[in-house]
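Each remark here refers to the structure printed beneath this line.
Just follow the structure's listing: the first ligand is 1, and inside any ligand the first atom is 1.
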Amino acid sequence: MAETDILKVSILGKESIHCGFHLIPYIVNTVITTLPSSAYVLVTDTHVANFHLTAFEAEFNAAFEKLPNAGRPRFLSRVIAPGETTKSREGKADVEDFLLLNKCTRDSVVIALGGGVIGDLVGFVAATFMRGVRFVQIPTTLLAMVDSGVGGKTAIDTPHGKNLIGAFWQPEYIFIDAAFLETLPAREFSNGMAEVVKTAAIWNEKEFADLESRSAEIFAAIQTPSTNNSGRTQASRSAAQQLLLSVIVGSISVKAHIVTIDERETGLRNLVNFGHTIGHAIEAVLTPTILHGECVSVGMILEAELSRQMGILGQVGVGRLNRCLKAYNLPTSLSDPRIASLPAAKQLTVEKLLDIMKVDKKNSGLQKKIVILSRIGATYEPKATGVPDSLIAKTLSEAAKVIPGIPTKNPIRMATPGSKSISNRALVLAALGTGTCRLKNLLHSDDTQVMMTALLELKGANFSWEDGGETLVVEGGEGSLQVPPKGKEIYLGNAGTAARFLTTVCTLVQPSQSDAKTTVITGNARMKQRPIGPLVDALRVNGSQIEYLESQGCLPLSVLPDGLKGARIQLAASVSSQYVSSILLCAPYAHESVTLELTGGQVISQPYIDMTIAMMKTFGITVEREADPVTGKLLDVYRIPKGVYKNPAEYNIESDASSATYPLAIAAITGTSCTISNIGSASLQGDARFAKEVLEPMGCTVVQTETETTVQGPPIGQLKAIGLIDMEPMTDAFLTASVLAAVAIGQPLEGRELKDADSPTVTRIIGISNQRVKECNRIRAMIDQLAKFGVKTNELEDGLEVYGKPVGELKKGASIHCYDDHRVAMAFSVLGTVVKDTIIEEKRCVEKTWPNWWDDLENKIGLKVEGVELDSADTVASASGTTSQDGSASVVIIGMRGSGKSHVGELAASALAWPFVDADTYFAEKHKIGVREFVHQHGWESFRAAETGILKELLTTSAAKHVISLGGGIVETPAARDLLKNFAKKGPVVHIVREIDEVVRYLGEETARPAYGEPVTDVFRRREPWFAECCNYEFINYTGVLTSEQNASVAGNATVDEVSRFFKHVTGQQANLAPNLAPGKRSYFLSLTYPDITPALRHMKDLTVGVDALEVRVDLLRSPKDFDAFGPYIPPVAYVTEQLAALRRTTSLPIVFTVRTVSQGGSFPDKAEKEAFHLLNLAVRIGAEYIDAEISWPEKLIKDLVSHKGSSQIIASWHDWTGKMRWNEASVKAKYDIAARFGDIVKIVGKANSVQDNFALYDFVSRVSSASNAKPIIAINMGVEGQMSRILNSTFSPVSHPLLPTKAAPGQLSYAQIQQALHLLGQLPAQRYFIFGNPIAHSMSPTLHNTGFEVLGLPHTYQLLETTDVGEGIKAALASPDFGGASVTIPFKLDVIPLLDQLSPAAEAIGAVNTIVPRLADASGTNRILYGDNTDWLGIVESVRSRAPALGAPQAALVIGAGGTARAAIFALKALGAQHIYLYNRTAGKAQILVDAFPDAHVELVERLGIWPGEGLVPSVVVSTVPASATTTEEGSADAVFLPVSIFDAKLEGVVVDMAYKPAETPLLALAKRVAPNWATVRGVEVLLEQGYVQFETWTGRRCPKHVVAERVLEKYNASA
Ligand SMILES: NC(=O)c1ccc[n+]([C@@H]2O[C@H](COP(=O)([O-])OP(=O)(O)OC[C@H]3O[C@@H](n4cnc5c(N)ncnc54)[C@H](O)[C@@H]3O)[C@@H](O)[C@H]2O)c1
Ligand SMILES: [Zn+2]
């Protein structure tokens, strides 16, 4: 066998871990000789098999060759699918079956070759197969080598969680062959490095330091493949291999040691869980997209921050850990783009993470076990520490809140972090210098980290740490720099200083031998907007070759090496002094000595230039500044000699003076004292002047020595405004000054007052225009954020003015957006110390300069800080919902004159039963003069003012439960518009939209309003945008697309119905939602896939049979002029509204408004999110009941939509068209969770490849639906194989219809088809329905109901049960299990009551039952009860309402007759709101019984028809309940009721109902037709139909297909008549 050098590590007392390179022969030999067996079974996955299986096979077989034939062992291999899903019960069974099938016995040796998945799975199989067989681990991923392979933990996953079932089972050997890593994908390598870094971080600082400084070499070791088995022997091992192996072995040794001491994880072993408590929780959400190590990497940083917060770990430790992980390409925060860009990242809420941690077996109660680092290489306790949830929540939360109060550490004495400016300069200087320099008090922040990383990538210097990281040791590279390898860009994030300095540094780079020709520097999106132009211009003019790769004047840049020529360089220095410093720092290394001339007048931030020059001097290069020979005045010209920096042995970095302004400002604002111990008057930093030049004039006592600054604030509330201040020397401190100015209400000191200000307490800050191009536009930022406190400001050309206000008057609860700018965050936390509930939204942005700011606020200053979780989805929703909570806010109606405001408004008022207020009428009453006359007398201007006054008044006095219609010109004045917009926040402001042509036509006839004096169309054009801006809803009052012919087919009261639907919906009084959406019911929608819906309107009644809603596929709508346009398409908004308006006039079914993009299977362009949301928002405005929003759209847009959805419901949907989505994968649950957050209904659509996929779907649905607050879910598999899912889906199953042009999706079924299928599947058992009565042979009811069943595809039957009494026959029918319901007619409406368990209120009041419904007694669904109802009255109500929709509540109504039906009639009229109910019966005694039976209906007896009691109000509704034969229009009949002409007031519009069934035209109806043409007549059979529809719906829960049913019934009725 080939010679092999092995490093052995012992675990649990056995040297079973063998490490080296190219070990396959060694492994095979060791296994065969020391683990004799009859069968060696190697299990691996396809990836690993591709690379390495043949080598093993060959080696085993070669070894067996040498053995005698008899008793030769077998070598078997099993290759399984890669990936976590394999680590399942099914995966385990697969391996076991393989072993059994191959007759493996107890002596078998199982070999796991692969990553952690293979190791865990195969290990678990080995643990239980034949009660345990020997096994060997050959980990092939770094993670498996250092972690999962070592320790003997094995497990599989279940749908309930990862690793829940497993065993401890130690392998005989663990062979670590580092050569396997050469084939491992880089990301998997990094994944393993997370564990390596983790182990070093808890155990071994030295190792950590190696990992920190040698990442490039370690990567190199796996990136260059080793040939000829190099590395197998010590002699052939490269330095890189040596390093790699030592890192792996080091890590394994720690783990082996810990495992040996504590095999079963009782204490010490927990240490290896560092980063895992939080990491696992993150992983639970992000798996499988983000790998274990990546989640643990973020977890380590969060857990380190936690120990920093507890005051245990210093920022140095957190910073080092962060840098080190980044060096291995690992994410270190949840805002890392790799994580933040995932849809699932939306679920990473604090609450959710804590919830997941709760499940961890190691945790208990309100504490979590977390490994707390005390420094790099050591932990706080030799085990995990219990940490309260509140602390964890604080660390995890994105936002922070300072609790106002007096700092408890007063008087405060503290140092602030090292200066960012000095740190960055020192890094560049020391890197370019010669010799070693120890940098002390270096700032550990994003900024310096970026700078160090960049210098490393340019190979400009070496860095290492001393004193536990307190000291950075820089070995200068003397100006030697290299172009990074091709494809490697230097990424600077948003670090401005680094970008400026490095731009010139990159010109110093020497050309390299590598393939890369230029150095590329780049940054994040914001960085790519920040200017660099003046510097690049100056360098280009000087001869450097620098290209902009994206936008002109900004990063990214491509810089050609060896480019700094030197000699004279001219630079415009009015934007940033950093350009100047950049050139100064690099100037000594130019080809010729540099003379730098600053041009452009005003030089910005001279102190920073001076700082650079002073520091260069410390590093041995003296810059000379020219002076005017005559005046001696210093010029903006600098001479820099050629040379090399000489590094001082040690350099102490001064604290950051800008940072110091925050604690000092806290002293100022809270009236306490603060000393900053390392900044004084000798400071090089301009911001060091802040105390003397800003705080002192504001009334603070300031004592400053050369090295120290102390500030004592005046008592709270006594800060003085500054008046005018030029902050040019300390621009970064202006934010701090601004927040103080906001509460400064004392007069400025004498001589500082502003002569021209409109308030004495204004602070005017100037000289800071450069702050517009910092991390954000800081001037704008301050103005916008201060406004949230109610603080007034003015923006100036080079600064701003702040109007001071008493602290108590500042608005509480401001939520501050920080623009990712550390200074905004810290400045506003100063204000937060005095203003309650100020939330700083992005607390982590302080990392740039003061990462532990929040900890220092607590620990050093003594102010409590709380974590705040911004659940923005909810906050937005509650902040600006458009409808009032209880739906009682008044409706305001606006629109053009002639758009139909009064008409629609009156109908709306009637539908809502609210008073209608016409503002013009109100105006006339109030001013005692008509609108027209008023304008005539006082002119337009006064009219508008008066009109606005009226609006204001109405919106206060009639703010609730009114419908207010306003004049068309109300939107002309800004004041009125503001009133409207404000009102729209709590109630509906509805714009009545009508085509302008129709308006013009209409106006021709109307004159009540003042004439416009200008063309109506011009007025229209001007006001249109104002209407849109003021309203939150639009009622479309035109139906241009309905041609007159089609109009005829549409019922006359379409507008009335639509007004009623719309206004009940937008007020929230009665949203027009589908009742069948309730749990336990089935609901359906029909997808309309027409490019133009209007031709289909006439079929709508057929099309909509059975369905609960209509989906309008807006993406498929196509305006006729674009009919033949191909490809993705955006339908015009006007076309969409018109289509919907037309549809609304045809059906009142709820509408599902859907815009599907191409990649979601629709026609809308994928990228057009703006247009899509324009349409979705339109859907809310026009009152679409359901709006489908794909969760893949940008979160912000969805949240915004959700925030003002009003009564509309959001269907949050996810479509997977690839066919790859598996319902049992965690990713589907992740999608569900996101959708459930935004949506009222969740929709997930996959694609079935086999029928099994539907079972998986079904499982998924039952799992998620079992949660207590589960949302309704639409879950469907597309494709023919998915049809079953469409049958079983219960919420809004999309259905097709044979009449539709195309199916909306492949596999769609019709409603009736689904019912048939459900029946066959046993999901819809056939039921029997009856009619009880005598005689009933001629009853229309069987025709009515059986037609309904037939049309809907329901398997039920309806039959006659004619009996002589309510006896055994009826009882048997009621008791049979398939009893579905019954109609009851004469003579059993009373007799049947004793058989029933419960009566409806109506049946109770009427005292009769005509409908029996079997119901479940309770939710458990076991006991059936019989429920008696009465739908006769509803038949009357519906008849009246549908014939005279505008009737409203009749002032008087008449009932003729006093039998059972009369009772129903009285009940119905009461429900209709009749104010007076008259009753006429020939025998008054019987009538009196009814009067007594309905005491609160105030029934009044009529002695003679036509002579009305009381005030004599004339009835507008007449209901006769006596047989036709008992009435006559002939006077003087003895045995019939005489019907005089005076029953009907021909002037009224009314309805007369004759309940008599035969003949079709009774004397009463005939009389009405003759004398009262404005009256609608209703025949008995029509009432029968109406009540039958209701019955049908009560029984089946489905809308009755009225038109077909009516047709058949009337046909039969007419035939028999
Ligand atoms: N038992 C333990 O103590 C323990 C500890 C940590 C993690 N784990 C488990 O380990 C699993 C993760 O392990 P993993 O990260 O190794 O994942 P993995 O096994 O899925 O391997 C990652 C990927 O790399 C491929 N691969 C493996 N070696 C390769 C090679 N040499 N060349 C090319 N491709 C190769 C694999 O096929 C797979 O696609 C998880 O299931 C986790 O729960 C267990
Ligand atoms: Zn781990």
Side-chain angles (χ1 to χ4, degrees), residues 24 43-53 55-56 79-88 91 112-124 127 137-158 161-171 174 176-199 202 222 225 251-252 255-256 258-259 263-265 269-280 282-284 287-288 290-300 330 371 1226:
I24 298 178
V43 185
T44 188
D45 71 25
T46 50
H47 290 159
V48 181
N50 275 343
F51 291 113
H52 309 293
L53 181 59
F56 275 95
V79 180
I80 57 183
E84 187 72 33
T85 37
T86 300
K87 222 181 99 174
S88 59
L113 173 70
V117 163
I118 291 290
D120 277 14
L121 170 70
V122 177
F124 186 38
Q137 282 270 28
I138 311 176
T140 60
T141 64
L142 180 58
L143 180 105
M145 291 178 187
V146 300
D147 194 2
S148 63
V150 182
K153 286 209 283 180
T154 72
I156 56 168
D157 306 335
T158 77
K162 263 175 68 81
N163 297 332
L164 293 181
I165 298 180
F168 282 94
W169 192 246
Q170 296 295 342
I174 304 160
I176 308 287
D177 183 344
F180 287 139
L181 299 178
E182 292 168 12
T183 58
L184 188 67
R187 185 173 172 206
E188 295 289 348
F189 180 74
S190 292
N191 183 40
M193 279 312 295
E195 303 284 359
V196 175
V197 171
K198 171 203 74 183
T199 309
I202 54 170
I222 58 151
S251 198
I252 289 175
K255 178 143 189 207
I258 293 177
V259 168
E263 187 187 355
R264 302 257 159 168
E265 218 168 276
R269 187 163 176 178
N270 273 334
L271 288 189
V272 300
N273 281 326
F274 171 53
H276 280 61
T277 311
I278 298 179
H280 271 150
I282 298 171
E283 191 181 0
T287 193
I290 303 294
L291 304 175
H292 173 74
E294 293 166 337
C295 296
V296 167
S297 174
V298 178
M300 280 192 269
L330 286 161
V371 176

Check: every ligand 1 N/O to protein N/O pair under 3.5 Å:
unit_1	atom_1	unit_2	atom_2	d
ligand 1	1 (N)	Asp120	OD1	3.0
ligand 1	1 (N)	Lys153	O	2.9
ligand 1	13 (O)	Gly116	N	3.1
ligand 1	15 (O)	Asn191	ND2	3.4
ligand 1	16 (O)	Gly116	N	2.7
ligand 1	16 (O)	Thr141	OG1	2.7
ligand 1	19 (O)	Gly116	N	3.1
ligand 1	19 (O)	Val117	N	3.1
ligand 1	28 (N)	Thr140	O	3.4
ligand 1	28 (N)	Thr140	OG1	2.7
ligand 1	31 (N)	Thr140	O	3.1
ligand 1	31 (N)	Phe180	O	3.1
ligand 1	31 (N)	Thr183	OG1	3.2
ligand 1	32 (N)	Thr183	O	3.3
ligand 1	32 (N)	Thr183	OG1	2.7
ligand 1	37 (O)	Asp45	OD1	3.2
ligand 1	37 (O)	Asp45	OD2	2.6
ligand 1	37 (O)	His47	ND1	2.9
ligand 1	39 (O)	His47	ND1	2.9
ligand 1	41 (O)	Glu84	OE1	2.7
ligand 1	41 (O)	Glu84	OE2	3.1
ligand 1	41 (O)	Lys87	NZ	2.7
ligand 1	43 (O)	Lys87	NZ	2.9
ligand 1	43 (O)	Lys162	NZ	3.0
ligand 1	43 (O)	Asn163	ND2	3.4

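Shown here are the ring pair (Phe, Tyr, Trp, His ring centres under 6.0 Å) partners of His52, two or more places apart in sequence or in another chain: Phe180. The salt bridge (charged side-chain N to carboxylate O under 4.0 Å, His left out) check on Lys87 picks up Glu84, Asp120, Asp157, with sequence neighbours excluded. Residues satisfying the ring pair (Phe, Tyr, Trp, His ring centres under 6.0 Å) criterion with Phe189, sequence neighbours excluded, are Phe219.
The side chain to side chain contact (heavy atoms under 4.5 Å, CB included) test with Phe274 is passed by exactly one of Thr199, Ile202, Val296: Ile202.
Proximity of a side-chain donor or acceptor of Glu294 to a complementary backbone N or O of Leu291 within less than 3.5 Å is detected. Under a 3.5 Å cut-off, the side chain of Thr154 and the backbone N or O of Gly166 do not form any donor-acceptor pair.
When rounded to 10 degrees, the angle formed at the Zn ion (ligand 2) by OE2 (Glu195) and NE2 (His276) equals 110°.
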